[in-house]
Colleague: 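My structure is below; once you've seen it, I'll send some questions.
So you know, we letter chains A, B, ... as the sequences are listed, proteins then strands, and number each from 1. Computed from a prediction, not measured in an experiment: that's the story for all the values here.
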There are 2 protein chains.
Amino acid sequence: MKRKVLLSLISNLAISAIAIWPRPQTMTVGSKALKISSSFDITLSGISNVPQDLLDAISQTKSAIKNDKLERLVVGRGAADATIKAGAKELGKLVVSLEGVKGNVRGISEEAVDAIENRIEEYTLDIPADGSAATLKAKSTLGLYRGLTTFQQLWYFWDGTTYTVQAPVHISDSPKYPYRGLMLDTARNYFPVQDIKRTLDAMSLVKMNAFHWHVVDSQSFPLQVPGFMELAEKGAYSSSAVYTQQDVKDIVSYAAARGIDVIAEIDTPGHTTVIGNAYPQHIACNGKRPWANYANEPPAGQLRLASPATVNFTASLIDAASSLFPSKFFSTGGDEVNQRCYNEDPETQQSLKTSGKTLEQALDGFVRATHDALHKRGKTAAVWQEMALEHQIGLRNDTVVFVWISSDDAKAVAKKGFRFVHAASDYFYLDCGAGEWIGDNGGANSWCDPFKTWQKSYSFDPTANLTQAEAKLVLGGQHLLWTEQSGPQNLDSIVWPRAASSAELFWSGPGGNVSEALPRLHDVGFRLNQRGVGAIHLQPLYCALRPGVCDLTA
Amino acid sequence: MKRKVLLSLISNLAISAIAIWPRPQTMTVGSKALKISSSFDITLSGISNVPQDLLDAISQTKSAIKNDKLERLVVGRGAADATIKAGAKELGKLVVSLEGVKGNVRGISEEAVDAIENRIEEYTLDIPADGSAATLKAKSTLGLYRGLTTFQQLWYFWDGTTYTVQAPVHISDSPKYPYRGLMLDTARNYFPVQDIKRTLDAMSLVKMNAFHWHVVDSQSFPLQVPGFMELAEKGAYSSSAVYTQQDVKDIVSYAAARGIDVIAEIDTPGHTTVIGNAYPQHIACNGKRPWANYANEPPAGQLRLASPATVNFTASLIDAASSLFPSKFFSTGGDEVNQRCYNEDPETQQSLKTSGKTLEQALDGFVRATHDALHKRGKTAAVWQEMALEHQIGLRNDTVVFVWISSDDAKAVAKKGFRFVHAASDYFYLDCGAGEWIGDNGGANSWCDPFKTWQKSYSFDPTANLTQAEAKLVLGGQHLLWTEQSGPQNLDSIVWPRAASSAELFWSGPGGNVSEALPRLHDVGFRLNQRGVGAIHLQPLYCALRPGVCDLTA
């Protein structure tokens, strides 16, 4: 008897959890079943000159609804829904329309890469239970894209039928923060274009909108930059481990069509050893050992920031690299500058002597030059936190700062008045907890132990310790994957579904409850699996089918 | 200039590291190149009635040499070898022969599942540099299989040529310990047969010989046991998440042909909740909550060990399950028995009252019954350490014990005179360090934090604190994957190449140097990648191409 009561309780719990991720701002659902008609279609109403990427998004949505074939995560899976499905109406149509858009309709791709303050992602979605047409409305094609993504998450499959058990559905939704990102390092280890596209697909499902691409670093330079082709020729791991200009175009347009802005990074002046393969004159302490004296990881090597020739070279490189990306943001990095490297570099010391500058003054000039180059292109620089907190340099007021060392540092960045992105190692570093990767440091923990669970990042408070004015400087946040210990083999398993936790945090806002979220997060993971993304299981399937039963207090 | 010196140093280091894993007991190598001839063949000499599995192994070896196409992990990859390859001879033939085998030749599959003390894995391999035939000799087909595996690891590919740069090669090899294993839990989450086969392929490459299959647990019962078909019917996650008897045959024969014994486990009396789906009368505290009072993880439920009917049922189940596996070993588990579950179970208390036994006496009878069933089939029972250390029960002297809670417990097991397998959570648990999986225990670490690096397990000492007599009780060791947080998506990335560290430890013996081992371990990982196993990168490729350069002290 006890067991029966238990199962019925579980079943109710499950039915109350509609699995949209991130959680919409407002949502009401019913308890009626509704099936997708075999003739189901998505039509556009009142939109002239329909952008191709909106047509593509509609086509992808129809495919997803047909092909996801996700079974509901309840005991018995879809078999449990037979009774409720018996009298279900069929949904034949979703009507998509833009509100308040006059004249030329901009495509999703254009809106996704617009200045962050100009993007509109809100939408409303209505799905009646009686079989009459569902409607999706937004003020932008980007908003329509978000709504289509939500629509995709409503449906389950069993025994030939695609259905929901919670019609009618009304959703009115918009993001709490405009920046919801994922950073990927493609320099420590290389990731083929297809891996990046698969990652973008997964990001778009959880409404992430920023792909922070840490494309090069000291170990390899896989990016073909116009005018600087030797960098990849001599700095990529191999001739096939390269992002050609065509690859970049492909990635950028693939991302933009999915509502994702690609914020590329050429980290400077540190993390640049490999530039010395093609331009040895620009790199100080190139490969100098012991590396631990001159860099945070091997190999040592930094741009000769005090050399006028190197400043010019770097500004030109940043200018050329930024031309590949339509984003208004471009990151010049700036983390972990090693002073001893410069102190022991005769060329740098000579340059300082000649100019009469201190190292900090030279850094100031170096950063101004690269940021000026971006400014001339109408772009805004992004930097790692040290540039704002540890150095005495003049950053433009509009500079965006990535807070990475500790979430506690957000306050100091905010005090300086910079807009910033939460990217702190104590919450959002996906690579922590896999042990030290340095070869002979056997058995040591990773520097940022322990592993950051999805619950940890999900419980983050973006405005902790901030004043109301400072809180307005929070653009959002991102998970990050540094790839010393990863490659295509474990990209999906490290990132998914864990990174979805920050996607919801920064879309829906903080304060979510992990017990409420977990069943939906399972759903995200299993849906990603259906789409070929290797999201991992967070619990035994036993638990995934029985919300709450594997809680500590259950 | 400095850079050139550095590169030449690195190059020398790399050339000195032949990448056989595990390290052979004795090996001499030269510095001449030798190519695989396009007409290369492996022939048998003096073996009558050649077993089919030996022919298959030869065929697989030829395929591997042709298809691995692994590039050497040095700067410039194979391009660096052009000069040395110029005058290389071609190897046309490997001649395989058995020594001292009279009469009927047993196949690899038969030898792999023989009693552990009867197996012979030694072999000698000679590869001249002058193009004359290479020879592989062993006293058993199992030894030949190990030698063929070594032979596969000698070759690299570049520009159309398969070659080595270290001929001549002489290897004389045998394992230090007879048990080198991997445990996989297929109950918390299910793994399709193809994932298990891929794992067996990877295991065989590093000469592991024991697949400890923790096939069922409280959460699901995916094993079809003859006479007990309801267990999988009502206890598997779905009708497709089942190992049919044909699947088991397939897995067992696939393993045996690769020199691997499959040691299956039906964990008893704990970890059995799911049995209650089909046989509720046999399970105490079935699903009782809060689960944490009655089990180490949800759901609670244990076999009613004091009930004569349950004892008979369990002995019959173990007997039937063990009949599916040719191994001489079968594990009856025995970990984490929860006393409170029995104390609060009226049926168990009634049984104890009726029989006049204490709970420990009932456990003794329960274990005797299952072990007697195995003994009657000529099999030896294996158990988790609690059965030997925490309970007052009479185990047969030949019982094999898995030491899992702590490596420190090996001493106590040895003192009791039992043979044992090192499987300690502090060295060999692959699932540690990924955070707590219990739903509402946000941000907590895994119970066995931190992550166990390959360096940690590689540095294990199998006979620490043991007398010489006790040291003889060490059968070997194994890595283990409990799958609360894994499934097919992250099986390879969690296990490989990390688990290769214990494979070498227990084949080659302890005392290996991590800096020497790392380049070879990279090689194993990349070779596994070539074979479709998703082994992860342990370092940036930059480091993998430059042995030693990413050591802490470099």
Colleague: Only counting residues at least two apart or in another chain, list the ones meeting ring pair (Phe, Tyr, Trp, His ring centres under 6.0 Å) with B:Phe460.
Modeller: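 Partners of B:Phe460 by the ring pair (Phe, Tyr, Trp, His ring centres under 6.0 Å) criterion, ordered by chain and then number, come out as B:His422, B:Tyr427, B:Phe428.
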
Colleague: Side chain, backbone, both or neither: which part of B:Leu541 has a non-hydrogen atom closer than 4.5 Å to chain A?
Modeller: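 Both backbone and side chain of B:Leu541 come within 4.5 Å of chain A.
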
Colleague: Tell me, out of A:Gly534, A:Pro299, A:Ser515, who's got the most heavy-atom pairs with chain B below 4.5 Å.
Modeller: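 Ranked by heavy-atom pairs under 4.5 Å with chain B, first place is A:Pro299.
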
Colleague: Return the minimal non-hydrogen interatomic distance between B:Asn490 and A:Ser493, and the atom names on each side.
Modeller: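 In terms of heavy atoms, the two residues are closest at CB-CB, 3.7 Å.
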
Colleague: Where do A:Gln219 and B:Pro540 come nearest, in terms of heavy atoms and distance?
Modeller: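 Smallest heavy-atom distance, with atoms named: CG-CB, 4.2 Å.
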
Colleague: CG/A:Leu552 to CD/B:Glu297 distance, rounded to the nearest 0.5 angstrom?
Modeller: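 Taking CG in A:Leu552 and CD in B:Glu297, the distance rounds to 12.5 Å.
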
Colleague: If we only count heavy atoms from C-beta on, is the B:Val549 to A:Arg289 side-chain gap below 4.5 Å?
Modeller: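 Yes, at least one pair of side-chain atoms sits under 4.5 Å.
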
Colleague: Please classify the contact of B:Ser218 with chain A as side chain, backbone, both or neither, using a heavy-atom distance under 4.5 Å.
Modeller: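 Interface part for B:Ser218: neither.
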
Colleague: Where on B:Cys432 is there a heavy atom nearer than 4.5 Å to chain A: the side chain, the backbone, both, or neither?
Modeller: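 Neither part.
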
Colleague: Just jot down the side-chain contact (heavy atoms from CB on, under 4.5 Å) partners of B:Val274, sequence neighbours excluded, or say none.
Modeller: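 Per chain and number, B:Val274 pairs via side-chain contact (heavy atoms from CB on, under 4.5 Å) with B:Phe221, B:Asn277.
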
Colleague: On a heavy-atom basis, which atom in B:Gln489 and which in A:Ala535 lie closest, and how many Å separate them?
Modeller: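 That would be CG-O, 3.2 Å.
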
Colleague: Could you tell me which non-hydrogen atom of A:Tyr237 sits nearest to which non-hydrogen atom of B:Tyr542, and how far apart they are?
Modeller: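 Shortest heavy-atom contact: OH-N, 3.0 Å.
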
Colleague: Do you know which of A:Tyr190, A:Trp437, A:Trp291 has the most heavy-atom pairs with chain B at a distance under 4.5 angstrom?
Modeller: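 Among A:Tyr190, A:Trp437, A:Trp291, the one with the most close pairs to chain B is A:Trp291.
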
